[in-house]
Amino acid sequence: MAEAAAKVEDVRKQMSGADTQVAQALIEMQADKQLGKLRRGAFVRSTSLIRYAGAGPWALSQVGKIQTFFQQKFGRPLPIAVFGQGAIHNQWHLDHRNAMDVSVNPNGQEAAALMDFLRANGIPFSAFRTAIPNVATGPHIHIGLPSHRY
Ligand SMILES: [Zn+2]
């Protein structure tokens, strides 16, 4: 019984993980259509998103310092939902190779501190506040330049 229950829980987790990734990718595609390109260092804030264009070169390999910051500040690991290119991005021809999505609600205190840290370090990000009804949650912070369609 316990084993079966654990399996069900496992599958449930995987499914909600996939839903979350789909919701996040959908939101990113919509935002990109609305916004287009921002100049380096630019900062935009609207009701549905906050976007910072970054100040220097960014590579996903800088993830270590973000993880360290988050762990030290909040005593838990950075909740990375998608690191780099995921299956959903391949399917929709979205270039997400140099980006990651973290499941932090953009309206919360953790997000505020994280975004301050990213800006202070010149790291580009987009924080999405939108939720898609009936499709997982959606709100998240995308770290890296916006993904574009290829
Ligand atoms: Zn993303």
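Indexing begins at 1, ligand by ligand and atom by atom, following the structure's order.
Between Leu114 and Phe74 the shortest side-chain heavy-atom distance does not fall below 4.5 Å.
With hydrogens and angles ignored, the 3.5 Å screen pairs no side-chain donor or acceptor of Asp95 with any backbone N or O of Tyr150.
Asp101 contributes atom OD1 as its closest N/O/S atom to the Zn ion (ligand 1). The Zn ion (ligand 1) lies closest to atom OE2 when only the N/O/S atoms of Glu28 are considered.
Between Phe128 and His140, the two ring planes are parallel [angle under 30°; tilted spans 30° to 60°]. Classified by interplanar angle (parallel below 30°, tilted 30° to 60°, perpendicular above 60°), the ring pair His96/His142 is perpendicular.
The Zn ion (ligand 1) has an N, O or S atom of His142 inside 2.8 Å of it.
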